[in-house]
Q: 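First, the structure itself, so that you have it in front of you.
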Amino acid sequence: MSSLIGPVPAVAQAPAGASTAAAKPARKLLIRTWGCQMNVYDSGRMADILAPLGYAPTESAEEADMVILNTCHIREKASEKVFSDLGRLRETKKARAAEGRQTVIAVAGCVAQAEGAEITARAPWVDIVLGPQTYHRLPEMVARASRAAGAVIETDFPAEDKFDHLPEARASQGPVAFLTIQEGCDKFCSFCVVPYTRGAEFSRGPEAIIAEARQLAAGGAREIALLGQNVNAWAGEAQSGAKWRLARLLRELAEIPGVARLRYTTSHPRDMDDDLIAAHGDIPALMPYLHLPVQSGSDRVLAAMNRGHKADLYLRLADRLREARPDIALTSDFIVGHPGETAADFEATMRLVERVGFAGAYSFKYSARPGTPAAGQPNAVPEAEKDARLQTLQALLREQQDRFNRAVVGRVVDVLITGTGRHPGQVAGRSPWLQPVHATGAAPVGAVVPMQLRAAHPNSLSATMAHQESAAA
Ligand code: SF4
């Protein structure tokens, strides 16, 4: 499951190809993105595809000639927010139409895939509904929508590889870039819609990934995060016919000039092979950070969730990863209150958390997603019980996160500069463990600067630049 769940509205970045659009009529494009980093990546690629048609980014719905809501179906609340957003867009579309301006409204992503018919029934002012596997067909859909009386719907899983149909030029994403290498999932966890909305596991070939990474590095990316719903299940076939696994790909990517840092997300415990664990110890560019969802510490619940592994496998993986890379930060996902979860099952989750010690986690109450196997199960846990368990779990996870953040204070670490800080004269960046860091001083965006971590705050770390330390000494 993708990890960064929750509404994270994002606006399309200016695509690299925007300048080529100068000859086209100026149009404005607003993309709002919910959910995981895969959706953030997809939004960027949709902006890339539409740039040659003359669409330049805007943050204003009133200005936008086209609005794309790139949606997430993991939580019920996220899809409801899409419908409220659509309600507001209906008014904007009407107001623009009164001024003679057309607005194309598109719903993309997993809500589109799972609830295409419901969207057009509940919001007939939507012009385009497209699933995650068809966004390369957007230009054709936009043309059809401009002519059509009803909505254009594309939510099948086409046989062609959508990545083959995307423009080669990638938008400059700044010092941190995302690169999708894998999509879909064959695991069918009981609570998850991804296998139904994103389809079967698909891995891009290594040559295309390496070429895209080179392009990103040439555009200024220093840190590349490889994305996939099951990223460590990646098994790319090279043009030679050779099968590559993720560790080999990481080793190749680490050799690209300019690439200082690599990450990958989101992983499944069953796909952590020996070579990948070893890679954490022998690829310096691979950051000491791994998001590895476990969901529950109870074997009974893990079986009911169809996770395909036991708690013990997870504990052994945590130990082996720490042997390979002793400073690795482990983060995870948890669901409490899966149908049938008893107090003893929940205790097993608490024991697993205590034993592993996490640097961060996403934790949620179980909520039924229509069409998933768990949604039909009768033995639901009462809401009040779910609430109480979630609070207990989150208190422990928060305490562990604080402990982890405090433990790195005093260390000198490399910080990747990502921008300016909130206060004048400050720079902002991120530590090897993905913590936001701010420090007084100047350094260019994209520089990797040694800093001494000085204090842990609730959401960030403050630091001083290490060279200032030595100058003062
Ligand atoms: S592994 Fe399970 S939770 Fe993750 S995407 Fe696949 S079905 Fe969903």
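First listed ligand is number 1; within each ligand, the first listed atom is number 1. When reading the values below, keep in mind they use all heavy atoms of this one structure, side chains included, and skip hydrogens, waters and symmetry mates.
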Q: Does the ring pair (Phe, Tyr, Trp, His ring centres under 6.0 Å) test come out yes or no for F191 and F364, once each step is laid out?
A: CA-CA 12 Å; F191 51 84; F364 303 94; over 10 Å; no
Q: Check whether any side-chain heavy atom of V408 sits under 4.5 Å from a side-chain heavy atom of W433, and report yes or no.
A: yes
Q: Any chance you could measure L396, atom CG, to M350, atom CE, to the nearest 0.5 Å?
A: 4.5 Å
Q: Between T33 and N39, does any side-chain donor sit less than 3.5 Å from a side-chain acceptor?
A: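 On atom types as modelled, these side chains do not qualify, holding no pair under 3.5 Å.
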Q: Find all atoms of ligand 1 within a distance of less than 4.0 Å from any non-hydrogen atom belonging to C192, and give their numbers and elements.
A: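 So the answer, numbered in order with elements, is 3 (S), 5 (S), 7 (S), 8 (Fe).
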Q: Answer side chain, backbone, both or neither: which part of P293 comes under 4.0 Å from ligand 1, heavy atoms only.
A: neither
Q: Within the 4.0 Å heavy-atom shell around H268, which atoms of ligand 1 are there?
A: 1 (S)
Q: So, T331 and H291: side-chain donor and acceptor under 3.5 Å apart, yes or no?
A: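 H291 and T331 do have a side-chain donor-acceptor pair below 3.5 Å.
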Q: Does any part of the side chain of T418, heavy atoms only, come nearer than 4.5 Å to the side chain of V176, both counted from C-beta?
A: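 A side-chain contact under 4.5 Å exists here.
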Q: By number and element, which atoms of ligand 1 are closer than 4.0 Å to a non-hydrogen atom of C189?
A: 1 (S), 2 (Fe), 3 (S), 7 (S)
Q: Of all the atoms in ligand 1, which lie at a distance below 4.0 Å from a heavy atom belonging to P195?
A: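 Those of ligand 1 that fall under 4.0 Å from P195 are 7 (S).
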Q: Counting each atom of ligand 1 from 1 as listed, which ones have a heavy atom of V194 under 4.0 Å away?
A: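 Matching atoms, with element in brackets: 5 (S).
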Q: N/O/S of C185 less than 2.8 Å from atom 6 (Fe) of ligand 1?
A: yes
Q: Measuring from atom CG of L226 to atom OG1 of T265, what distance do you get when rounded to the nearest 0.5 angstrom?
A: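 Atom-to-atom, L226:CG and T265:OG1 are 10.0 Å apart.
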Q: Yes or no: does Q295 have any heavy atom under 4.0 Å from an atom of ligand 1?
A: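 Q295: no contact with ligand 1 (<4.0 Å).
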Q: Can you tell me which portion of N230 lies within the under-4.0 Å heavy-atom range of ligand 1? Options are side chain, backbone, both, or neither.
A: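 The part of N230 near ligand 1 is the side chain, not the backbone.
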